[in-house]
Peer 1: 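My questions will all concern the structure given below.
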Amino acid sequence: MSRQKNALTKYFVGPWTDEKSTAALQLAKWIKSVSDDSDESTEDTAFYDGDGTPESDVVSIKKSYSFEGMYDEEDPAMKYIASLELEVGEGRKIAFKQERTNGDILEGRATVTEIKVTGGEASEYATFSCKIGWDSKPKVTPKP
């Protein structure tokens, strides 16, 4: 497969009600950067059948993405994320979907944190940023 531009990866958000929830609002307009902020927890243990060097085991993975751009209150996806700014607990749960450039789809319940829809230099447009992380291993649907 040839190289693919990052802009070809698609991200969708939507309300979470149950396992059948769909993320239908594309988070793309005015988004200039998406960073993979995933976190892995590991345990290091040395064993007598080795040479005493600790082996690392990955015990958990928290897949998260940070979005940065300019806020547009008329964009449905940004407006939806902005509506969660003052929510806590279950109020921050959403449906989140990523369509990768190879056609694979990752989706499931997620939590939105670090929501910012205002601020910055006086001469700049209002900022938009948030972090979205799946609450568990996302369902992966390989390219058909």
Side-chain angles (χ1 to χ4, degrees), residues 1-47 50 53-144:
M1 184 159 124
S2 64
R3 296 180 297 161
Q4 301 287 322
K5 293 231 178 184
N6 286 325
L8 299 177
T9 300
K10 297 177 183 174
Y11 300 91
F12 298 88
V13 297
W16 178 267
T17 52
D18 59 27
E19 296 296 324
K20 296 179 183 174
S21 298
T22 5
L25 305 172
Q26 186 172 9
L27 188 55
K29 186 175 182 183
W30 304 115
I31 298 295
K32 61 182 177 181
S33 174
V34 179
S35 302
D36 185 334
D37 284 339
S38 298
D39 187 28
E40 293 184 348
S41 295
T42 60
E43 288 182 359
D44 294 339
T45 310
F47 299 100
T53 303
E55 294 180 16
S56 294
D57 282 323
V58 176
V59 294
S60 69
I61 301 169
K62 173 77 173 167
K63 289 297 292 175
S64 300
Y65 294 89
S66 291
F67 297 82
E68 290 186 23
M70 296 175 286
Y71 181 57
D72 180 350
E73 65 184 17
E74 294 178 2
D75 179 73
M78 285 188 184
K79 188 173 184 176
Y80 173 64
I81 296 295
S83 76
L84 306 177
E85 182 181 21
L86 301 176
E87 297 295 327
V88 297
E90 290 295 314
R92 289 283 187 101
K93 303 298 181 185
I94 68 166
F96 182 49
K97 177 170 70 171
Q98 178 192 61
E99 292 181 8
R100 295 188 166 177
T101 57
N102 68 354
D104 291 350
I105 296 173
L106 287 72
E107 57 190 328
R109 186 176 86 158
T111 302
V112 185
T113 59
E114 303 174 26
I115 299 170
K116 294 178 184 66
V117 293
T118 187
E121 297 291 324
S123 60
E124 295 177 350
Y125 293 107
T127 188
F128 174 87
S129 66
C130 69
K131 185 174 181 176
I132 302 174
W134 280 292
D135 291 341
S136 60
K137 183 179 179 179
K139 176 185 171 192
V140 178
T141 306
K143 177 182 174 179

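One is the number of the first residue; the rest follow in order along the sequence.
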Peer 1: For K93 and Y80, work out which heavy atoms get closest and say how close.
Peer 2: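 That closest heavy-atom pairing would be O-OH, 4.1 Å.
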Peer 1: Please report, to 0.1 Å, the donor-acceptor pairs under 3.5 Å made by any side chain of residues 137-144, with sequence neighbours excluded.
Peer 2:
none

Peer 1: Please determine, by modelled atom types, if S38 and K63 share a side-chain donor-acceptor pair under 3.5 angstrom.
Peer 2: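 Side-chain D/A pair, S38 to K63: present.
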Peer 1: Among side-chain atoms of S35 and D37, is any donor-acceptor pair under 3.5 angstrom?
Peer 2: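 Per modelled atom types, S35 and D37 side chains form no pair under 3.5 Å.
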Peer 1: Which atoms form the tightest heavy-atom contact between V13 and A77, and what is the distance?
Peer 2: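 That closest heavy-atom pairing would be CG2-CB, 4.1 Å.
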Peer 1: I need the minimum non-hydrogen distance between I81 and I115, along with the two atoms involved.
Peer 2: O-CD1, 3.6 Å
Peer 1: Just verifying a value: how many Å separate E40 CD and I61 CD1, rounded to the nearest 0.5 Å?
Peer 2: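 Going from CD on E40 over to CD1 on I61, the span is 5.0 Å.
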Peer 1: Do E99 and L8 come within less than 4.5 Å of each other through their side chains, counting heavy atoms only?
Peer 2: no
Peer 1: Enter the distance from T17:OG1 to I94:CD1 here, rounded to the nearest 0.5 Å.
Peer 2: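 Reported to 0.5 Å precision, the distance equals 13.0 Å.
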Peer 1: Please tell me if the side chains of D44 and E55 come closer than 4.5 Å, counting only heavy atoms from C-beta onward.
Peer 2: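 The answer is no, as the side chains (C-beta and beyond) never meet within the 4.5 Å cut-off.
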Peer 1: Once rounded to the nearest 0.5 Å, what's the spacing between atom OG of S60 and atom CD of E43?
Peer 2: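 It is 9.0 Å, given to the nearest 0.5 Å.
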Peer 1: If I take atom OG1 from residue T113 and atom CG from residue L84, how far apart are they, to the nearest 0.5 angstrom?
Peer 2: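 Answer rounded to 0.5 Å: 11.5 Å.
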Peer 1: Of all heavy-atom pairs between Y71 and T127, which one has the smallest distance, and what is that distance?
Peer 2: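 It is CB-O, 3.4 Å.
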Peer 1: Between K79 and E73, is a side-chain contact (heavy atoms from CB on, under 4.5 Å) present by the stated rule, with each step listed?
Peer 2: CA-CA 5 Å; K79 188 173 184 176; E73 65 184 17; 5.7 Å; no
Peer 1: Is I105 close to Q98 at the side-chain level, that is, under 4.5 Å between some pair of heavy atoms?
Peer 2: no
Peer 1: Would a 4.5 Å heavy-atom cut-off, applied to side chains only, mark F128 and M70 as touching?
Peer 2: no
Peer 1: Without swapping roles, check the side chain of R92 against the backbone of V112 for a donor-acceptor pair under 3.5 Å.
Peer 2: yes
Peer 1: Distance check, rounded to the nearest 0.5 Å: E114 atom CD versus S129 atom OG?
Peer 2: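 Going from the CD atom of E114 to the OG atom of S129 covers 7.5 Å.
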Peer 1: Report the C-alpha separation of T22 and K97 in whole Å, then their side-chain angles, then the decisive distance to 0.1 Å, and conclude whether the side-chain contact (heavy atoms from CB on, under 4.5 Å) test is met.
Peer 2: CA-CA 8 Å; T22 5; K97 177 170 70 171; 5.5 Å; no
Peer 1: Do K10 and Q26 touch side chain to side chain, with heavy atoms closer than 4.5 Å?
Peer 2: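 Side chain of K10 against side chain of Q26, heavy atoms only: contact under 4.5 Å found.
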Peer 1: Looking at G133 and S64, what are the two nearest heavy atoms and their distance?
Peer 2: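 Shortest heavy-atom contact: CA-OG, 3.4 Å.
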Peer 1: Does F12 have its ring centroid less than 6.0 Å away from the ring centroid of F96?
Peer 2: no
Peer 1: In terms of heavy-atom contacts, does CD of E85 have more than 12 from other residues, nucleotides or ligands at under 6.0 Å?
Peer 2: yes
Peer 1: Any side-chain heavy atom of I132 sitting closer than 4.5 Å to one from C130?
Peer 2: yes
Peer 1: Taking NZ, NE, NH1 and NH2 as the nitrogens, is one of them in K62 or D39 under 4.0 Å from a carboxylate oxygen of the other?
Peer 2: no
Peer 1: Which heavy atom in A82 sits nearest to a heavy atom in V117, and how many Å separate them?
Peer 2: CB-CG1, 3.7 Å
Peer 1: Tell me, yes or no, whether the heavy-atom count around N6 atom CG, taken from other residues, nucleotides or ligands under 6.0 Å, exceeds 12.
Peer 2: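 No.
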Peer 1: For Y11 and F67, I'd like to know if the aromatic rings sit close, meaning centre-to-centre distance below 6.0 Å.
Peer 2: yes
